Engineer: 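Here it is, the structure in full.
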Amino acid sequence: MKERICQTCGCSLSQENLVRHRIIPESVATGAGISGARTVALCPNCSQEVQNWYAKKVLHMNYDEVTRRFKPKSPAELVKEYEGVYKTFVRYKKVALKI
Ligand SMILES: [Zn+2]
């Protein structure tokens, strides 16, 4: 049984307990024409936490000043959005855990 490390909090777990997390969800990556999008190995806690962050922090709409309406972001904009939220999550964990 190989020991592995969560790439966010640094805790060590056996390989079968690590969750392969896609930074950009498959449907978004496919929509943006990206194949083989980056994945990271996370512990179940961090995996759940980052999913909660995505649910709360990923903004799927832009406000258009001209039409004064919200419109859906393009797949490329959504990719940036997910990457940004993931980066913020990693920074938050490092500060919270002082690592
Ligand atoms: Zn973790």
Side-chain angles (χ1 to χ4, degrees):
M1 197 168 23
K2 241 171 128 184
E3 284 289 304
R4 290 297 197 83
I5 289 174
C6 169
Q7 290 175 35
T8 301
C9 73
C11 71
S12 64
L13 298 154
S14 58
Q15 191 158 9
E16 63 270 18
N17 289 327
L18 282 173
V19 179
R20 189 97 343 245
H21 168 72
R22 299 178 67 104
I23 294 174
I24 302 156
E26 193 166 10
S27 59
V28 175
T30 306
I34 298 169
S35 61
R38 196 159 77 95
T39 62
V40 286
L42 300 180
C43 69
N45 290 340
C46 288
S47 170
Q48 185 58 56
E49 211 175 331
V50 76
Q51 293 301 342
N52 293 344
W53 273 55
Y54 282 176
K56 286 188 186 137
K57 296 181 188 286
V58 171
L59 303 176
H60 290 263
M61 304 286 260
N62 269 334
Y63 184 70
D64 187 337
E65 298 284 348
V66 179
T67 59
R68 295 187 179 179
R69 287 179 196 277
F70 284 95
K71 62 173 192 176
K73 285 188 173 174
S74 70
E77 287 172 319
L78 273 179
V79 166
K80 279 194 190 128
E81 187 74 21
Y82 275 98
E83 285 173 342
V85 169
Y86 181 74
K87 271 187 202 150
T88 309
F89 172 73
V90 170
R91 269 201 306 270
Y92 162 80
K93 290 297 279 188
K94 286 193 191 307
V95 170
L97 299 167
K98 298 183 174 68
I99 53 176

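As the structure is a prediction and not an experimental result, all values here were calculated from the model. Order of listing sets the numbers, starting from 1, for every ligand and every atom in it.
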Engineer: Could you check whether any side-chain N or O of Glu81 sits under 3.5 Å from a backbone N or O of Val58, counting only pairs where one atom can act as donor and the other as acceptor?
Structural biologist: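 Not a single qualifying donor-acceptor pair exists.
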
Engineer: How large, to 10°, is the angle at the Zn ion (ligand 1) when you draw lines to SG on Cys43 and to SG on Cys9?
Structural biologist: 110°

Engineer: Does any N, O or S atom of Cys11, backbone or side chain, fall under 2.8 Å from the Zn ion (ligand 1)?
Structural biologist: no

Engineer: Below 6.0 angstrom between ring centroids: does that apply to His21 and Tyr54?
Structural biologist: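 Close enough - the centres of the two rings lie under 6.0 Å apart.
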
Engineer: Angle at the Zn ion (ligand 1), SG of Cys46 to SG of Cys6, rounded to 10 degrees, please.
Structural biologist: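 Approximately 110° at the metal, rounded to tens of degrees.
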
Engineer: Is any side-chain heavy atom of Leu78 closer than 4.5 Å to a side-chain heavy atom of Pro25?
Structural biologist: no

Engineer: Enter the distance from Asn45:CG to Thr8:OG1 here, rounded to the nearest 0.5 Å.
Structural biologist: 11.0 Å

